[in-house]
Participant: 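Can you read through this structure? Questions will come right after.
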Amino acid sequence: MTAPTINGTKYPQPVEALLPAARALELPDGQEFPSRNRLMREFRIGAPKADDLLARLRAEHAERTRTDTLRSAMAVRGALLAPQTDIDTPPALRLDYAEPIGSDPAPTPVVPEHAPPPAEPVKIPPPAPPAEATTVGHPDTPTPAAPVRPVAAWPVILLALPAFVAIWSGWVGLGGLTGFGVVHPLPGIADGFAINTAITLPIGVETYGAYALYVWLSGRVPHRAREFAKWSAIASLLVGALGQVAYHLLVAPPNGAPWWITTAVSVLPVAVLGMGAALAHLVRSHD
């Protein structure tokens, strides 16, 4: 699996370098942000980096929404504070008097009997402060829950350790019964160095099964690889269970427990190891 080519390179890149490509992703109608799983799939990144990238996209959207709201409020305020030129001023009343007899008297100021009171200035209320911008969510998109502190996975590994010890001893014993034994892989170089080839059975079968479980449950691989990991993990656990059953049936005393009880007890360590490995992977997953 190779990383996608972004900014001319395939090497893992920081979140700042992935932001332009994340903004350019095409989204379905009504969706404002890409999902975290899509970011992980498009850029081949892990869940923490995808969460950081999605948080920055949401923060940019909130900042743009807040800026647009402030600009709209300032435009409304400017329109309200514009000078009022369409207020009609009442015309002065003109009174007609009879012409005086004789010499012209001194001009008498014309004062209307009922002068209207001066018009009061229009009071414009100050505009209300703009509401704080919040992130607008899509109706079909669930609101992300508050981050929860992950559960520790080491107790599960500690509980599965005795089952691995039992499986190890069973595979080594079965290997000894089927011809696996001590060999000297470096004759003439290190004659004293010896290794028991029976340990290759639990390492090959059980270790591969645990790793295949991790690949299957992680969800970070292509579909074909995930399907192969799923079925190969199940097959590895079945082979491990059959190996334990075969060994215990071979070494069980003649007057011991019935074969079906021996079979059930022999399968228990493999089942505990498989469930413990799966639970440890799921506890550490964020999906």
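All heavy atoms count here, side chains included; hydrogens, waters and symmetry mates do not.
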Participant: In the single-linkage hydrophobic clustering (I, L, V, M, F, W, Y; side-chain heavy atoms under 4.5 Å), do Val267 and Ile167 co-cluster?
Facilitator: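 In one cluster with Val267: Ile167, no.
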Participant: Is the closest side-chain heavy-atom distance between Leu201 and Val172 below 4.5 Å?
Facilitator: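 Not touching, per the 4.5 Å side-chain cut-off.
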Participant: Say you draw a straight line from CG of Leu279 to CG of Leu217; how long is it, rounded to the nearest 0.5 Å?
Facilitator: 10.5 Å
Participant: Charged N to carboxylate O below 4.0 Å: is that the case for Asp52 and Arg56?
Facilitator: yes
Participant: Treat each ILVMFWY residue as a node, draw an edge where side-chain heavy atoms are under 4.5 Å apart, and state whether Leu238 and Trp231 are in one component.
Facilitator: yes
Participant: Within the distance-only criterion (no hydrogens, no angle test), does the side chain of Asp68 pair as donor or acceptor with the backbone N or O of Thr65 below 3.5 angstrom?
Facilitator: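 No, because the side chain of Asp68 does not come within donor-acceptor range (under 3.5 Å) of the backbone of Thr65.
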Participant: Any side-chain donor paired with an acceptor under 3.5 Å for Ser232 and Tyr208?
Facilitator: yes
Participant: Atom CD in Glu42, atom OG in Ser35: separation rounded to 0.5 Å?
Facilitator: 9.5 Å
Participant: Could you state the interatomic distance from CG (Leu268) to OG1 (Thr263), rounded to the nearest 0.5 Å?
Facilitator: 11.0 Å
Participant: Could you check whether any side-chain heavy atom of Tyr247 comes within less than 4.5 Å of a side-chain heavy atom of Ser266, counting everything from C-beta outward?
Facilitator: no
Participant: Do Val182 and Ile195 have side chains that approach each other closer than 4.5 Å (heavy atoms only, starting at C-beta)?
Facilitator: no
Participant: Under a 4.5 Å cut-off applied to non-hydrogen side-chain atoms, are Glu227 and Trp216 in contact?
Facilitator: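 They are not in side-chain contact.
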Participant: Answer whether the closest heavy-atom distance between the side chains of Trp171 and Ile203 falls below 4.5 Å.
Facilitator: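 The answer is no, as the side chains (C-beta and beyond) never meet within the 4.5 Å cut-off.
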Participant: Write down the atom of Arg36, the atom of Ala50, and the distance for their closest heavy-atom approach.
Facilitator: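 Scanning both residues, the minimum pair turns out to be CG-CB, 3.5 Å.
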Participant: With hydrophobic residues grouped by side-chain heavy-atom distances under 4.5 Å, do Val165 and Val205 end up in a single group?
Facilitator: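 Different clusters.
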Participant: Do Val251 and Leu174 have side-chain heavy atoms sitting under 4.5 Å apart?
Facilitator: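 Result no, sub-4.5 Å side-chain heavy-atom pair not found.
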Participant: If I take atom OG1 from residue Thr262 and atom CD from residue Gln244, how far apart are they, to the nearest 0.5 angstrom?
Facilitator: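 The CD atom of Gln244 is 13.0 Å from OG1 of Thr262, to the nearest 0.5 Å.
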Participant: Search all heavy atoms of Ser169 against all heavy atoms of Ala166 and return the closest pair with its distance.
Facilitator: OG-O, 2.8 Å
Participant: Using every non-hydrogen atom in the two residues, find where Ala194 and Pro185 come nearest and quote the distance to one decimal.
Facilitator: CA-CD, 4.4 Å
Participant: Please find the pair of heavy atoms, one from Ala233 and one from Ala212, that lie closest to each other, and give the distance.
Facilitator: CB-CB, 3.5 Å
Participant: Applying side-chain contact (heavy atoms from CB on, under 4.5 Å) to Met40 and Asn37, what does each step give before you reach the verdict?
Facilitator: CA-CA 5 Å; Met40 294 168 60; Asn37 290 338; 4.2 Å; yes
Participant: Kindly write out the residues that satisfy ring-ring contact (aromatic ring centres under 6.0 Å, His included) with Phe180, not counting sequence neighbours, or none if the list is empty.
Facilitator: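 ring-ring contact (aromatic ring centres under 6.0 Å, His included) check on Phe180 returns nothing, list empty.
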Participant: Let me confirm one number: the CZ-CG distance from Arg58 to Leu53, rounded to the nearest 0.5 Å.
Facilitator: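 Reported to 0.5 Å precision, the distance equals 11.5 Å.
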Participant: Out of curiosity, does Val245 fall in the hydrophobic cluster containing Ile261 (side-chain heavy atoms, cut-off under 4.5 Å, transitive links)?
Facilitator: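 Yes, because Ile261 and Val245 connect within a single hydrophobic cluster, where side-chain heavy atoms sit under 4.5 Å apart.
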Participant: May I ask you to test the Arg71-Thr67 pair for a side-chain heavy-atom distance under 4.5 Å?
Facilitator: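 Yes - at least one pair of side-chain heavy atoms lies under 4.5 Å apart.
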Participant: Does Val265 share a hydrophobic cluster with Leu249, counting links as ILVMFWY side-chain heavy atoms below 4.5 Å and allowing steps through other members?
Facilitator: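 Cluster IDs for Val265 and Leu249 match.
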Participant: Keeping the roles fixed (side chain from His184, backbone from Gly192), state whether a donor-acceptor pair exists under 3.5 Å.
Facilitator: no
Participant: Quick check against the 3.5 Å criterion: does Ser218 have a side-chain atom that pairs as donor or acceptor with the backbone of Tyr214?
Facilitator: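 Checking the backbone N and O of Tyr214 against the side chain of Ser218, a donor-acceptor pair under 3.5 Å is found.
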Participant: When you compare the side chain of Val215 with that of Arg226, does any pair of heavy atoms fall below 4.5 Å?
Facilitator: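 In short, these two side chains do not touch, never coming nearer than 4.5 Å.
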Participant: Nearest 0.5 angstrom please: His61 NE2 to Arg64 CZ, how far?
Facilitator: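 The CZ atom of Arg64 is 6.0 Å from NE2 of His61, to the nearest 0.5 Å.
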